[in-house]
Amino acid sequence: MEKKHNSMYRSAVTLIPWIIPVIFMTTWIIISETGFIPAYLLPHPMEIGKAGYTYIFDHPGDAPFAGRFLNDAGASLIRVGSGFAFAVIFGLPLGTISGRLSLVRKLMSTTINALRAVPGISWLPVAMIWFGIGIKTTVFLVALAAFFPIYLNAVAGARQVNPLLLQAGAMMGIKRLRGTFFILLPGAMPHIMTGLRLGLGISWAYLVLGELTGVPNGLGAVIMDARMLGRIDIIIVGIIIIAIMGRLSDYLLTTALKCCFKSAGRMS
Amino acid sequence: MKPELTVIPTVDPGTGKIILEINNLRKVFRLNGAFLAVLDGIDFRVKNGEMICILGRSGCGKSTLLKMLAGFLAPSSGEILLNGKPVTHPGTDRCVVFQEDTLFPWLTVQENIAFGLKGRNKNKKSIREEVDHFTSLVGLTEFKDYLPREISGGMKQRVALARVLILRPQILLMDEPFAALDAQTREEMQNLLLSLWEKFSHTIIFVTHDVNEAITLSDRILVMSKNPGRIREDINVDLSRPRKMEKQEFIFFSRKLYQHLCD
């Protein structure tokens, strides 16, 4: 009896994340059905569904936007992935070192905090002059934007690691380099994970910014093309796809970290 | 029987080999521009297999002394010789059990105990056997897959003890390791430590502010005074083991030592 109760409780808990999306969809359907908001501002979910189907499954050339999905998503994934990778490669080590060495932290602080204050969009013109239109600009913008949360959280994580843990490691014969990998990074892992997740989230935002500039493919480019052609249904399809891919990539990142690092799985 | 407090000279003419030699140790900290002598003229020898308690009130520098023995802090002057060689860095020949919880929170009990063996070239099977052995020595076999946050303070200190014992240190440095535990758990831990000491006959230097703990455990008690921290007395505890707090001789000794401290 109790077991049944328990499993019911558990399945109820797994439903919780879907409550808001369901309410949202229901409201949307009601609004569209009643004509409260006209279709040229917000199309009916059915229309969005059809447009999405065309975009994803139909043969290219059958209709505008038909079958572009794979090509666009692939291009965007490569841009997000490489931009994010650059941000991790620079942000994690620099952040960890700054967290441990106050001299490095002081050296970086003014520069980092000044650059951090510059809105990403103001880098766009410069990036276009430097890198031209295309993948490089987007990757640059993504890497730049994702760097800051990754760096800052790595600093915070490395700073809050109890120095006694490092002392304990030294006493057990774990020298500096090994201590970094076996004590410092695991100890900082909850913060590092937050930084990586924030960084990846921001990567998607800046991806769209980078793709607004006339690149031929990518999820941001689709949204821009659709705007020019007045296809609000495709714009919304693009937004939904980015939301889903963002959510999925966050899930994959979290799962991968938890699989690879005991500290990620056991401390959060 | 009324045991007298015998104050012995710092160099004991006994037979045991001297393993640790502390010569005229001094530690000065700089605080707001002023120099503060925390320890001064610390001078004693430790024989192999001896259990020594450093007894003193908080702020007398006993933890600082232990940190220097561990190699975490460098002395301002004087020297620490382990088997005739100066101590400069932390090392596995002198292992520390800290007062605070310093287990790695992302590792299970067993992984914590195995941690120090990481760098050593040993095959997996012998490591696992050794870890199992030390896990059971501290009575945690049932809890080997628990995380530190899931076990009690006493169990955490058991893990802390096992993870250093497994490294076979020559000297065990213990910095008020049981101070944060409740009275019963503390007594359990003291008994555990004594039985492990009997088994491995490590040299143990145990810092405490608890008079009864010092008497229960040690062969010798170094009493420290404050400002600057000095060793005021070196007292031989010649009570028979096992020592029980209810025994008359224990009570006498404890009362005397306590009075002595207050003088």
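Chain letters run A, B, ... following the sequence lines, proteins first, then strands; residues in each count from 1.
Ranked by non-hydrogen atom pairs under 4.5 Å with chain A, the options F104(B), F98(B), F115(B), F72(B) are led by F72(B).
Here the OG1 atom belonging to T92(B) is positioned 9.5 Å from the CD1 atom belonging to I174(A), to the nearest 0.5 angstrom. Taking CE from M172(A) and CD1 from I166(B), the interatomic distance works out to 10.5 Å, rounded to the nearest 0.5 Å. A distance of 9.5 Å separates CH2 of W106(B) from CE of M189(A), quoted to the nearest 0.5 Å. A distance of 8.0 Å separates CG in L167(B) from CE in M171(A), rounded to the nearest 0.5 Å. The structure places CD of Q167(A) at 6.5 Å from NZ of K67(B), a figure rounded to the nearest 0.5 Å.
In this structure, the portions of V96(B) lying under 4.5 Å from any heavy atom of chain A include both its backbone and its side chain. Contacts between F261(A) and chain B at a heavy-atom distance below 4.5 Å are absent for every atom of the residue. Residue contact with chain B, scored on non-hydrogen atoms closer than 4.5 Å, involves the backbone and the side chain of L165(A) alike. In this structure, the portions of R163(B) lying under 4.5 Å from any heavy atom of chain A include both its backbone and its side chain. In this structure, chain A has a heavy atom under 4.5 Å from the backbone of L103(B), while its side chain stays farther away.
Applying the 6.0 Å contact sphere to CZ of R197(A) captures no more than 12 heavy atoms from other residues, nucleotides or ligands. By the 6.0 Å contact criterion, CZ on R105(A) is enclosed, its count of non-hydrogen atoms from other residues, nucleotides or ligands being greater than 12. Within a 6.0 Å sphere centred on NE2 of H89(B), heavy atoms belonging to other residues, nucleotides or ligands number 12 at most. Annotation: I20(A), atom CD1; neighbour count of heavy atoms from other residues, nucleotides and ligands within 6.0 Å does not exceed 12. The local environment of CZ in F131(A) is crowded, with over 12 non-hydrogen atoms from other residues, nucleotides or ligands closer than 6.0 Å. Heavy-atom contacts from other residues, nucleotides or ligands closer than 6.0 Å to NZ of K136(A) number 12 or fewer. More than 12 heavy atoms of other residues, nucleotides or ligands shown are found within 6.0 angstrom of CG on L15(A). Applying the 6.0 Å contact sphere to CD1 of I121(A) captures no more than 12 heavy atoms from other residues, nucleotides or ligands.
When every heavy atom of L147(B) is checked against every heavy atom of R266(A), the shortest pair comes out as CD2-CD, 3.5 Å.
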